[in-house]
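Read the numbers this way: they start at 1 and go in the same order the structure lists the ligands and their atoms. Just so we're clear, the structure is a prediction, and the values are computed from it rather than from any experiment.
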Amino acid sequence: MRAMGAYAAKRERMVADQIAARGIRDPRVLDAMRRVPREEFVRRLSRSSAYEDHPLPIASGQTISQPYIVALTMEAARLDEHCSVLDVGTGSGYAAAVLAEIVADVVSIERHPELAEGARRVLARLGYSNVSVVTGDGTLGWPDAAPYDAIVVAAAAPRVPEPWLEQLKDGGRLVMPLGTPGFGQKLKRFTLGPDRISQMDDLGGVTFVPLIGANGLGAPLFEENDD
Ligand code: SAM
């Protein structure tokens with residue numbers, strides 16, 4: 001899909017100055033970010049800022065992530081046209097659109113129904129037919145479409161939700177911000193071995209909104225002991 005209009009030059013500059021210049025090399029990611037019209041995913045009043053180097057507010061007190069962090073996450077997930085991906089934290093739907101440009105199928109899950117509905121609308125209007133936006137608690141994953149080649153997450157959790165590991169293929173990648181808001185977060189890539197995490201890579205410090213759910217913020221950090 002080709003995005004057109006007055007924002008095309010800003011989009012090219014964003015990819016060159018904020019993304020390629022910071023070391024993102026995967027041509028699939030760079031091409032996808034050249035194609036997705038980010039201005040469609042922000043509030044009308046924020047459109048002129050859509051290609052700036054920072055997050056922007058969206059509805060429900062949430063944010064659309066900084067473009068570079070979206071690119072870093074996608075590159076780390078090692079995606080191609082055969083992949084099936086779970087996107088946790090749909091927000092505006094922008095990251096889901098970037099994914100949809102690269103992979104075969106995307107399930108994107110959002111806990112706020114009004115955000116999910118808004119994302120569904122804009123993704124449909126732009127012609128993305130390989131994304132399904134669902135409403136629910138993403139910390140439980142989305143077993144109906146599992147197993148996934150990758151799970152990418154746009155909200156920070158203090159630990160890795162177990163269902164995500166169960167829903168990844170052998171060799172699958174989980175890219176997520178790990179940490180508690182206000183106490184430091186790191187973007188991490190976990191690679192799955194035959195049954196457990198076989199590798200963990202640190203991709204640097206980040207600042208994300210909290211992942212709220214049964215296995216996110218608010219969940220007990222340690223299992224209760226029965227005796
Ligand atoms: N990827 C988004 C985009 O491109 O606009 C940005 C997402 S925003 C930084 C994080 C989102 O995660 C918020 O919309 C928030 O409501 C959502 N979220 C937080 N906890 C969640 C959960 N347990 N399940 C699903 N979504 C969750």
request  = Take atom NZ of Lys186 as the centre, draw a 6.0 Å sphere, and report whether it contains more than 12 heavy atoms from other residues, nucleotides or ligands.
outcome  =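 No, NZ of Lys186 has 12 or fewer neighbouring heavy atoms, counting only those of other groups under 6.0 Å.
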
request  = Consider only side-chain N and O atoms of Asp53 and Gln66, and report whether a donor and an acceptor are under 3.5 Å apart.
outcome  =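 Yes.
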
task = Return yes if a side-chain donor-acceptor contact under 3.5 Å exists between Glu110 and His112, otherwise no.
result =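 No, no side-chain donor-acceptor contact under 3.5 Å.
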
key: Residues Tyr94, Glu40; criterion side-chain hydrogen bond (donor to acceptor under 3.5 Å, both in side chains); working and verdict   = CA-CA 9 Å; Tyr94 174 73; Glu40 299 289 337; over 6 Å; no

request  = Considering only NZ, NE, NH1 and NH2 on the basic side and carboxylate oxygens on the acidic side, decide whether Arg25 and Glu75 come within less than 4.0 Å.
outcome  = no

Check each N or O atom of ligand 1 against all protein N or O atoms and list the pairs under 3.5 Å, with atom names and distances to 0.1 Å, one per line.
unit_1, atom_1, unit_2, atom_2, d
ligand 1, 1 (N), Gly89, O, 3.0
ligand 1, 4 (O), Ala95, N, 3.0
ligand 1, 5 (O), Ser92, N, 3.0
ligand 1, 5 (O), Ser92, OG, 2.6
ligand 1, 14 (O), Glu110, OE1, 2.7
ligand 1, 14 (O), Glu110, OE2, 3.4
ligand 1, 16 (O), Glu110, OE2, 2.7
ligand 1, 20 (N), Ile212, N, 3.0
ligand 1, 23 (N), Asp137, OD1, 3.0
ligand 1, 23 (N), Ile212, O, 2.7
ligand 1, 24 (N), Gly138, N, 2.8
ligand 1, 26 (N), Arg111, N, 3.3

Throw together a table of side-chain donor-acceptor distances under 3.5 angstrom for residues 41-50, partners on residues two or more places apart or in other chains.
unit_1, atom_1, unit_2, atom_2, d
Arg43, NH2, Ile58, O, 3.3
Arg47, NE, Glu39, O, 3.2

